Asker: 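Handing you this structure, nothing more for now.
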Amino acid sequence: MTTADPHPATPSEPRSETRELASELAHLAVRIAQGAGEVVRSGRSEAVAGGSGFATETKSSASDLVTAVDKASERYIVAQLRAARPGDGLRGEEGTDEAGTTGVRWVIDPIDGTVNFVLGLPHYSVSIAAQLDGTTIAACVLDGASGDFYWAALGGGAWRRDVRLHGPRSVPVAEMVVGTGFTYQAHERARQGEVLAAVLPEIANLRRLGSAALDLCLVAAGQLDAFYEFGINEWDVAAGLLVAKEAGVALSGLRGRPAAAPFVAAAGPAHAAGFFALLERAGADLVP
Ligand code: IPD
Ligand code: CA
């Protein structure tokens with residue numbers, strides 16, 4: 001079975017109706033992400049004011065957390081999308097899974113970086129992407145702590161608020177500051193540690209910030225030189241990948257595969273081939 005690439009590297013110029021739809025859906029994604037950002041901010045303030053911290057539940061392992069705020073954010077986003085665009089498909093991290101009838105499908109991470117959110121570390125986000133017939137055409141990633149938002153519409157560039165983004169500086173692999181992340185499964189993290197031992201001496205240094213959606217936007221904004229992660233889900237990266245692609249960032253799933261769950265890699269175009277080759281040698285995509 002071949003995997004469809006939701007972010008083709010050399011897309012044909014989108015047709016004008018697709019561009020119009022992409023722009024309309026991107027504006028909707030921004031508006032709803034901002035509303036969800038309010039749900040997330042007020043949820044955090046109430047829990048902190050209450051002094052009891054967050055009641056957390058666990059999902060795939062003891063370190064994979066979910067809070068009532070994640071669920072409230074997803075409920076808000078889904079309600080807004082249903083009202084604005086009845087008939088669209090919906091997929092969310094906290095369980096939403098509805099087939100649609102319009103060809104448009106929304107991919108939602110109500111809080112990406114839940115562990116940071118619980119700990120009060122300021123790197124978590126709301127991530128909303130719209131796909132048309134399997135291709136991501138609109139995206140918004142809202143930084144939950146600062147309120148900054150990153151957005152993109154297919155063919156229309158990548159933006160932080162109203163500032164256009166152009167990807168990372170052009171530095172060789174040895175000078176790259178690289179973002180990554182680790183899964184919630186201990187045996188996979190053990191293997192990821194071995195991959196890291198091979199990668200780390202070949203790059204300038206590493207950051208593990210804790211929200212894959214936001215990390216990809218930092219590559220788009222030139223605040224990270226590159227990013228890779230195994231074990232991500234489509235909702236972690238659907239929006240961030242479009243923002244990165246529209247900023248001119250090169251994307252790969254390694255070994256001829258597209259950048260898509262469960263593995264994505266991203267780097268500035270000038271030195272991406274060398275970075276992706278390093279990741280292939282290290283087996284960064286071969287974790288299980
Ligand atoms: C996680 C974050 C983290 C990444 C994990 C994701 P969550 O999402 O994106 O940076 O390393 O792979 O699962 O669980 O906070 O929504
Ligand atoms: Ca996530």
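Residues: numbered from 1 along the sequence shown. From a predicted model like this one, the values you see are computed outputs, not experimental measurements.
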Asker: Applying side chain to side chain contact (heavy atoms under 4.5 Å, CB included) between Ile203 and each of Val173, Val177, Val171, report the one that passes.
Answerer: Val173
Asker: Which is it for Ser125 and Asp143 under the side-chain hydrogen bond (donor to acceptor under 3.5 Å, both in side chains) test, yes or no, and what are the steps along the way?
Answerer: CA-CA 5 Å; Ser125 60; Asp143 181 328; over 6 Å; no
Asker: For residues Ile128 and Val66: do they belong to one hydrophobic cluster (side chain heavy atoms under 4.5 Å, members Ile, Leu, Val, Met, Phe, Trp, Tyr)?
Answerer: no
Asker: By salt bridge (Lys or Arg N to Asp or Glu O under 4.0 Å), which residues pair with Arg169, not counting sequence neighbours?
Answerer: Asp225
Asker: Could you tell me which residues satisfy salt bridge (Lys or Arg N to Asp or Glu O under 4.0 Å) with Arg161, sequence neighbours excluded, listed by chain and number?
Answerer: Asp148
Asker: Tell me every residue that passes salt bridge (Lys or Arg N to Asp or Glu O under 4.0 Å) with Glu175, counting only those two or more places apart in sequence or in another chain.
Answerer: none
Asker: For Trp235, which fellow cluster members are found when Ile, Leu, Val, Met, Phe, Trp and Tyr are connected by side-chain heavy-atom distances below 4.5 angstrom, either directly or through intermediates?
Answerer: Val107
Asker: Looking only at side chains, do Gln131 and Thr136 share a donor and an acceptor under 3.5 Å apart?
Answerer: yes
Asker: Same hydrophobic cluster for Phe230 and Leu200, using side-chain heavy-atom links shorter than 4.5 Å among ILVMFWY?
Answerer: yes
Asker: Would you call Glu194 and Arg191 a salt bridge, taking side-chain N to carboxylate O under 4.0 Å as the test?
Answerer: yes
Asker: Any salt bridge between Lys71 and Glu74, counting N to O under 4.0 Å?
Answerer: no
Asker: My understanding is that only residues two or more places apart in sequence, or in another chain, count here; which of them pass ring-ring contact (aromatic ring centres under 6.0 Å, His included) with His27?
Answerer: Trp151
Asker: Establish, from distance only, whether the side-chain atoms of Ser61 and Ser63 form a donor-acceptor pair under 3.5 Å.
Answerer: yes
Asker: Could you list the residues that satisfy side-chain hydrogen bond (donor to acceptor under 3.5 Å, both in side chains) with Glu98, not counting sequence neighbours?
Answerer: Arg82
Asker: ring-ring contact (aromatic ring centres under 6.0 Å, His included): which pairs involve residues 93-124, sequence neighbours left out?
Answerer: Phe54-Phe117, Phe117-Tyr124
Asker: Going only through I, L, V, M, F, W and Y residues with side-chain contacts under 4.5 Å, is there a path from Val115 to Leu121?
Answerer: yes
Asker: Does the distance from a Lys or Arg side-chain N to an Asp or Glu carboxylate O, for Arg281 and Glu202, drop under 4.0 Å?
Answerer: no
Asker: Using the ring-ring contact (aromatic ring centres under 6.0 Å, His included) rule, collect all pairs that involve residues 62-102, keeping only residues at least two apart or in two chains.
Answerer: none
Asker: What residues, two or more places apart in sequence or in another chain, satisfy side-chain hydrogen bond (donor to acceptor under 3.5 Å, both in side chains) together with Arg255?
Answerer: Asp285
Asker: Side chain to side chain contact (heavy atoms under 4.5 Å, CB included) with Phe227: which of Val264, Val178, Leu251?
Answerer: Val264
Asker: Please tell me whether Ser211 and Asp112 have a donor and an acceptor in their side chains that are separated by less than 3.5 angstrom.
Answerer: yes
Asker: Check the side chains of Asp70 and Thr67 for a donor-acceptor pair under 3.5 angstrom, ignoring hydrogens and angles.
Answerer: yes
Asker: Which residues pass the salt bridge (Lys or Arg N to Asp or Glu O under 4.0 Å) test with Glu94, sequence neighbours left out?
Answerer: Lys59
Asker: Could you work out, with side-chain hydrogen bond (donor to acceptor under 3.5 Å, both in side chains) as the rule, every residue matching Arg19, not counting sequence neighbours?
Answerer: Glu13
Asker: Phe276: which residues meet the ring-ring contact (aromatic ring centres under 6.0 Å, His included) condition with it, sequence neighbours left out?
Answerer: none
